[in-house]
Amino acid sequence: MSQHRETGIGPPDEYVEAEIHRLLAEDPSVAEQGITVVRRETGLVLYGEVESVHRREEILRRVAERFPGVPVTAEIGVIRTEAPTQIEQLP
């Protein structure tokens, strides 16, 4: 019997990890291929960068909606997409 967090028993298994990868890449509302899913003892960690806080929140919402019992930690950074407003001074 496979044990994983979707049923509330043990850490997530490789099938949950693969399903989240598929969701991130194939769901039209997400379509994010730059996010890496890493399985840890306590749950899954999502790594990567996206263009906005809203985008990161949407990814986390979709994953939580599809896998409500899976503990997910987000290590997703936000890339600044607009031009800087100040000139950067290097020492």
statement: Closest heavy-atom pair, Leu44 versus Val16, reported as atoms and distance to 0.1 Å, is CD1-CG1, 4.0 Å
task: State yes or no: do Val45 and Ile59 share one hydrophobic cluster built from I, L, V, M, F, W and Y residues joined by side-chain heavy-atom distances below 4.5 Å, directly or via other members?
output: no
- request: Could you grab the distance from atom CD of Gln33 to atom NE2 of His21, nearest 0.5 Å is fine?
  value: 11.5 Å
task: State whether the side chain of Arg56 and the backbone N or O of Ile76 hold a donor-acceptor pair below 3.5 Å, judged by distance alone.
output: yes
- prompt: With the threshold set at 4.0 Å, does a side-chain nitrogen-carboxylate oxygen contact exist between Glu65 and Arg61?
  reply: yes
query: Between Glu75 and Thr73, does a side chain to side chain contact (heavy atoms under 4.5 Å, CB included) hold up when you go through it step by step?
result: CA-CA 7 Å; Glu75 295 292 331; Thr73 302; 4.1 Å; yes
- prompt: If two hydrophobic side chains count as joined below 4.5 Å and joins carry through other members, does Phe67 share a cluster with Val72?
  reply: yes
- request: Hey, could you give me the CZ/CD distance between Arg22 and Glu17, rounded to the nearest 0.5 Å?
  value: 11.5 Å
field: Considering all heavy atoms, the nearest Gly48-Ile35 contact
entry: CA-CD1, 4.0 Å
field: Derivation and outcome, side chain to side chain contact (heavy atoms under 4.5 Å, CB included), residues Val63 and Val70
entry: CA-CA 9 Å; Val63 170; Val70 177; over 6 Å; no
message: Under the criterion side chain to side chain contact (heavy atoms under 4.5 Å, CB included), I'd like the reasoning laid out for Val78 against Glu51: C-alpha separation, chi angles, the key distance, then a yes or no.
response: CA-CA 5 Å; Val78 177; Glu51 70 273 5; over 6 Å; no
query: Considering residues, nucleotides and ligands other than Glu49, do more than 12 of their heavy atoms fall under 6.0 Å from its CD?
result: yes
query: Who passes side-chain contact (heavy atoms from CB on, under 4.5 Å) against Val38, sequence neighbours left out?
result: Thr36, Arg40, Tyr47
